[in-house]
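Note: hydrogens, waters and symmetry copies are ignored here, and every other heavy atom, side chains too, is used.
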Amino acid sequence: MADVMIRVPAEVRDQLAAVAEARGTSLRALMQEIAAQTLTPEQIKARAERTRVLLAERFGHYVTDEESAEMRRRMRDATAAHRAALAEGERPR
């Protein structure tokens, strides 16, 4: 296993350490989990294509490029609203 050093602000390190402690795991294990769950752009495109195929084959719904673009926009808006709520200390909806 290779080691890597990542420089982050102290607040980020402290946040990650708090999350790891709350989960009863190590910082190393937390970072491995985050890396395993984070998709590359190529993986995202492949997943989207598999979803299009599944919707077409199983449900007869053919997702248009316009529908995909609209869903991406809505997801970006929802993510931005969620992050803003977290930054303001509100409970996410």
Side-chain angles (χ1 to χ4, degrees):
M1 183 181 306
D3 284 335
V4 65
M5 180 182 289
I6 301 171
R7 294 188 181 276
V8 297
E11 308 85 56
V12 173
R13 179 205 58 219
D14 294 346
Q15 173 71 16
L16 291 169
V19 170
E21 183 177 348
R23 293 184 182 184
T25 190
S26 68
L27 190 53
R28 178 186 298 262
L30 176 66
M31 298 309 306
Q32 288 174 328
E33 179 184 332
I34 291 169
Q37 292 175 358
T38 304
L39 301 177
T40 65
E42 294 80 19
Q43 290 170 319
I44 292 169
K45 287 177 186 175
R47 182 177 284 183
E49 185 55 33
R50 287 193 308 272
T51 300
R52 280 183 187 231
V53 169
L54 177 108
L55 289 171
E57 289 177 353
R58 293 198 181 168
F59 302 103
H61 180 77
Y62 296 87
V63 179
T64 66
D65 290 340
E66 292 79 20
E67 287 174 315
S68 289
E70 174 63 13
M71 186 55 69
R72 281 192 303 275
R73 184 195 63 74
R74 292 173 64 186
M75 290 299 295
R76 279 193 304 271
D77 290 349
T79 300
H82 177 78
R83 288 182 178 157
L86 290 176
E88 294 174 10
E90 294 178 10
R91 188 175 179 175
R93 298 172 203 182

Are Arg73 and Glu70 close enough for a salt bridge, meaning some N to O gap below 4.0 Å? yes

Side-chain polar contacts of residues 5-19 - donor-acceptor pairs under 3.5 angstrom, sequence neighbours left out - could you list them?
none

If I take atom NZ from residue Lys45 and atom CD from residue Glu42, how far apart are they, to the nearest 0.5 angstrom? 6.5 Å

Are Ile34 and Leu27 joined in one hydrophobic group, where the rule is that I, L, V, M, F, W and Y side chains link up if heavy atoms are under 4.5 Å apart? yes

Enumerate donor-acceptor pairs with a distance under 3.5 Å from any side-chain N or O in residues 50-57 to protein atoms, sequence neighbours excluded.
residue : atom : partner : partner atom : Å
Thr51   : OG1  : Arg47   : O            : 2.9
Arg52   : NH1  : Val63   : O            : 3.2
Arg52   : NH1  : Asp65   : OD1          : 3.4
Arg52   : NH2  : Asp65   : OD1          : 3.3
Arg52   : NH2  : Ser68   : OG           : 2.7

Tell me if the CD atom of Glu33 is crowded by more than 12 foreign heavy atoms within 6.0 Å. yes

Apply side-chain contact (heavy atoms from CB on, under 4.5 Å) to residues Arg28 and Asp3 and explain how you reach the verdict. CA-CA 10 Å; Arg28 178 186 298 262; Asp3 284 335; 3.4 Å; yes

